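Here the structure is a predicted model, which means the values were calculated and not measured. In the text below, chain A, chain B and the rest are named by the order of the sequence lines, each starting its count at 1.
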Amino acid sequence: MLSIYNDLTRTKEPFEPLQPGKVNMYVCGMTVYDLCHLGHARVMVVFDVVYRYLRSIGFDVTYVRNITDIDDKIIARANERGEPFSELTNRFIAAMHEDADALGVLPPDQEPRATGHLPAIIRMIGRLIERGHAYVADNGDVYYDVRSFPEYGKLSGKSIDDLEAGARVEPGEVKRDPLDFALWKAAKPDEPAWDSPWGQGRPGWHIECSAMSTEALGDTFDIHGGGADLTFPHHENEIAQSEGATGHPFVRYWMHNGFVRINDEKMSKSLGNFFTVREILERYRPKEVRYFILTSQYRSPLNYDEEHLENARAALTRFYTALRGLPDAEPKGAEEFEQAFHAAMQDDFNTPEALAAMFELVREINRVRQAAPDVAAGLAAALRRMGDALGILQQEPEAYLRAAADDDGMSDSEIDALIKKRQQAKQDKDWAEADRIRDELQGAGIVLEDGPGGTTWRRG
RNA sequence: GGCCGAGUGGCAGAGUGGCUAUGCAGCGGAUUGCAAAUCCGUGGACCUCGGUUCGACUCCGGGCUCGGCCUCCA
């Protein structure tokens, strides 16, 4: 039985979707005014694993991940660059898709953009006004009236009064309460704007997620995810909006992934201490980055450190080395390891423990591969199937082991020629020459392995 | 200040009221022309102070330290 830590109740709960066999999930994606950084990568990978795993155990999953393609920062950045905002956002959407692909993140079933769903957004705002949860301010903005929603704060564990104590009141404030937040922002000169019953303007940040998730998945759906920094105010506001508008419970299980940290400090754009996915991919292979993300449980912090990426590299080499040279087969004989793997995954997607089960399977494969290759092949197939659920170990082992992060070294044919030459030296028992060639290759980052079936190599 | 979360062996990172996590690194052995890979074995830990208990790293309470949210942020 799968259990999921639900931030709404702060406990692990057995996972029971609204409709048996069917899971609807929504994840807050990115605001596209810049390149993805590691924090975005973590969200994408974490929920990609949730998606893959739910599917692997037989659920029919509809996965929606939105794109915020209109907001203050986008407008500001587009103005800085003197280009239409949609050119800016299209460029960064394309870049995000490339990064996601590289990391092995499956495309979600739907990827709605705020600008493509203005009618649904406007409809929901209208509904909130009708139901007494929102009001039009003097300047044409529309605000959510937090005092009208008694459960405000239930996700983040805050009370309106506590929040109010520390709230700042801006000069010229048009809100009734400092905590009220914008559903619709009246257009200022030279800003992108859409028509609405309240005049020209654009949606506030929070309303798009309520409108698009409800439109795609219904008033109530199963899983809503995102980074932990979205708990408050973003997700709190989504609950107020959706439940205020529909009168139905919004989300059954709230999941938030922990932060990526660097030097034990949150990695974020406002602190300016972030690495983009692209910068990291200049030095490490995409699957190493993905593996690194999976080495900690999704709710724990993930500290960025070169040593950890090196560790990921070593771990993947161990996996692929175990898979190498074994024929395709039906998964067989690994029941005990599969059981451990599933127990880990079903305990709130405990990927580090799931990986531990996979490593134990690796050892078993290596133990039996010599004496019983067919048994090893069945075990290897089981290992690959576990890898599928995590989105790793998808490549041909030999291809993986021979590929380099940056292949500016020797070509495969040069390597083969040198190995052949060394083979001759070995036959002649010219160990000095054989070792010299091996050292030469070593210097170029090539590791040789002499086995009973001849010499194999990999880029180390 | 309010609210959350965390403190595990050299590093990373799970977990459990009494039983080897796992990976990398170390040490010993097997294997190898020597290596590499692999296998076998092995040392090393649970922030601190109390409490509960036959027994706590694991439960409860205090303390200390660190991180996060309370403003845009994945």
Looking only at B:rA37, B:rC70, B:rC72, the nucleotide nearest the A:K73 side chain is B:rC72

Think A:S300 has a side-chain N or O under 4.0 angstrom from the OP1 or OP2 of B:rA14?
yes

_Please determine whether any donor N or O and acceptor N or O are separated by less than 3.5 Å between the side chain of A:R42 and the base of B:rA74._
no

For atom C1', what is the distance between B:rC57 and B:rU48, given to the nearest Å? 13 Å

Does any N or O donor sit under 3.5 Å from an N or O acceptor when you compare the side chain of A:K266 with the base of B:rC73?
yes

- Which part of the nucleic acid, if any, lies within reach of A:M358 when heavy atoms closer than 4.0 Å are counted: base, sugar-phosphate only, or nothing? nothing

Sub-6.0 Å ring centroid separation between A:H342 and A:Y53:
yes

From the candidates B:rA74, B:rA14, B:rG2, the one with an atom nearest any side-chain atom of A:Q297 is B:rA14

For A:V260, answer base if it contacts any base atom (sugar-phosphate contacts may also be present), sugar-phosphate if it contacts only those atoms, and nothing otherwise; contact means non-hydrogen atoms under 4.0 Å.
-> base

Using atom P in both nucleotides, what's the gap between B:rA74 and B:rG5 to the nearest angstrom? 24 Å

Please determine if A:K287 forms a cation-pi arrangement with A:Y400, meaning its NZ or CZ atom is less than 6.0 Å from the six-membered ring centre and no more than 45° off the ring axis.
no

List every contact pair, protein side and nucleotides 5-11 of chain B side both N or O, where the distance is under 3.5 Å.
from, atom 1, to, atom 2, distance (Å)
B:rC11, O2', A:E307, OE2, 3.2

B:rU42 -> Watson-Crick or G-U wobble partner, both distances under 3.5 Å, gives B:rG26

**Report entry** Residues A:E208 and A:T68: side-chain donor-acceptor under 3.5 angstrom
**Finding:** yes

The nucleotide from B:rC39, B:rU22, B:rG13 with an atom nearest the side chain of A:P352 is B:rG13

As its Watson-Crick or G-U partner within any shown strand, both distances under 3.5 Å, B:rC54 has B:rG18

- Query: At under 4.0 Å between heavy atoms, what does A:H234 touch on the DNA or RNA strands: base, sugar-phosphate, or nothing?
  - Reply: nothing

**Prompt:** Under 4.5 Å between any side-chain heavy atoms of A:H40 and A:V45, yes or no?
**Reply:** no

Against the side chain of A:A356, the closest entry in B:rU22, B:rA74, B:rG15 is B:rU22

Closest of B:rA21, B:rC73, B:rA36 to the A:W205 side chain is B:rC73

Next item on the list: Pick base, sugar-phosphate or nothing for A:Q370, based on heavy-atom distances below 4.0 Å to the nucleic acid.
Entry: nothing

When A:G157 and A:E449 are each assigned the nearest nucleotide of RNA chain B, the 5'-most assignment goes to A:G157

If you measure from the P atom in B:rG61 to the same atom in B:rC73, how many Å do you get, rounded? 34 Å

Ignoring backbone atoms, test whether A:N303 places a side-chain nitrogen or oxygen under 4.0 Å from the OP1 or OP2 oxygen of B:rA12. no

query: Expressed in whole Å, how much space separates the C1' atoms belonging to B:rC66 and B:rA25?
result: 26 Å

Practice prompt. Go through the side-chain N and O atoms of A:E238 and A:H234 and say whether any donor and acceptor fall under 3.5 Å apart.
Written response: yes

Between CG of A:L326 and C1' of B:rA37 the distance, given in whole Å, is 14 Å

Taken to the nearest whole Å, CG/A:L309 to P/B:rG13 is 13 Å

* Which part of the nucleic acid, if any, lies within contact of A:D71, taking any heavy atom under 4.0 Å across all strands shown: a base, the sugar-phosphate backbone alone, or nothing? -> nothing

Applying the 3.5 Å cut-off to both distances, the Watson-Crick or G-U partner of B:rU31 turns out to be none

Note to self: Counting the atoms with a prime plus P, OP1 and OP2 as sugar-phosphate, which does A:G29 contact under 4.0 Å by heavy atoms, base, sugar-phosphate, or nothing?
What the structure shows: sugar-phosphate

- request: Determine if A:F259 stacks with B:rG68; use a centre-to-centre distance below 5.5 Å and an interplanar angle below 30° as the criteria.
  value: no

Item to complete: Identify whether any heavy atom of A:D72 sits under 4.0 Å from a base atom; if not, whether one sits that close to sugar-phosphate; answer base, sugar-phosphate or nothing.
Response: nothing

- Query: Can you find a side-chain donor-acceptor pair between A:Y143 and A:D145 that sits under 3.5 Å?
  - Reply: no

Item checked: A:K266 NZ/CZ over A:F259 ring centroid, <6.0 Å and within 45° of normal -> yes

At under 4.0 Å between heavy atoms, what does A:L448 touch on the DNA or RNA strands: base, sugar-phosphate, or nothing?
base

As its Watson-Crick or G-U partner within any shown strand, both distances under 3.5 Å, B:rC3 has B:rG68

The nucleotide from B:rA74, B:rA37, B:rC34 with an atom nearest the side chain of A:R422 is B:rC34

Handout entry: Centroid-centroid under 6.0 Å between A:F85 and A:Y33 rings
Key = no

side-chain contact (heavy atoms from CB on, under 4.5 Å) filter on A:T456, not counting sequence neighbours, yields A:R324, A:E449

Whole-Å distance, A:N273 CG to B:rC73 C1', equals 12 Å

**Message:** Using modelled atom types and a 3.5 Å cut-off, is there a donor and acceptor pairing between side-chain atoms of A:D71 and backbone atoms of A:W205?
**Reply:** no

Of the listed B:rG68, B:rC72, B:rA14, the closest approach to the A:S270 side chain comes from B:rC72

- Message: So A:S159, base contact, sugar-phosphate only, or nothing? Heavy-atom distance under 4.0 Å.
- Response: nothing

Practice problem: Measure from the ring center of A:H206 to the ring center of A:H235 and say whether it is less than 6.0 Å. | Solution: no

Got a list of protein N/O to nucleotides 40-43 of chain B N/O distances below 3.5 Å?
from, atom 1, to, atom 2, distance (Å)
B:rC40, OP1, A:R367, NE, 2.6
B:rC40, OP1, A:R367, NH2, 2.5

Considering only heavy side-chain atoms of A:R438, the closest of B:rG13, B:rG33, B:rC73 is B:rG33

With the side chain defined as heavy atoms from C-beta on, A:R318 is closest, among B:rC24, B:rG33, B:rC72, to B:rC24

Using a heavy-atom cut-off of 4.0 Å across all strands, would you classify A:D229 as base, sugar-phosphate, or nothing?
base

Go through the N and O atoms of the side chain of A:D435 and the base of B:rG33, and report whether any donor-acceptor pair is under 3.5 Å.
yes

Out of B:rG68, B:rA36, B:rG23, minimum distance to the side chain of A:V447 belongs to B:rA36

Problem set entry | Backbone of A:A344 reached by a side-chain donor or acceptor of A:D347 within 3.5 Å | no

- Message: Once you apply a heavy-atom cut-off of 4.0 Å, does A:T295 come out as touching a base, just sugar-phosphate, or nothing?
- Response: sugar-phosphate

One should read off an interatomic distance between A:F319 CZ and A:L316 CG, to the nearest 0.5 angstrom, of 7.5 Å

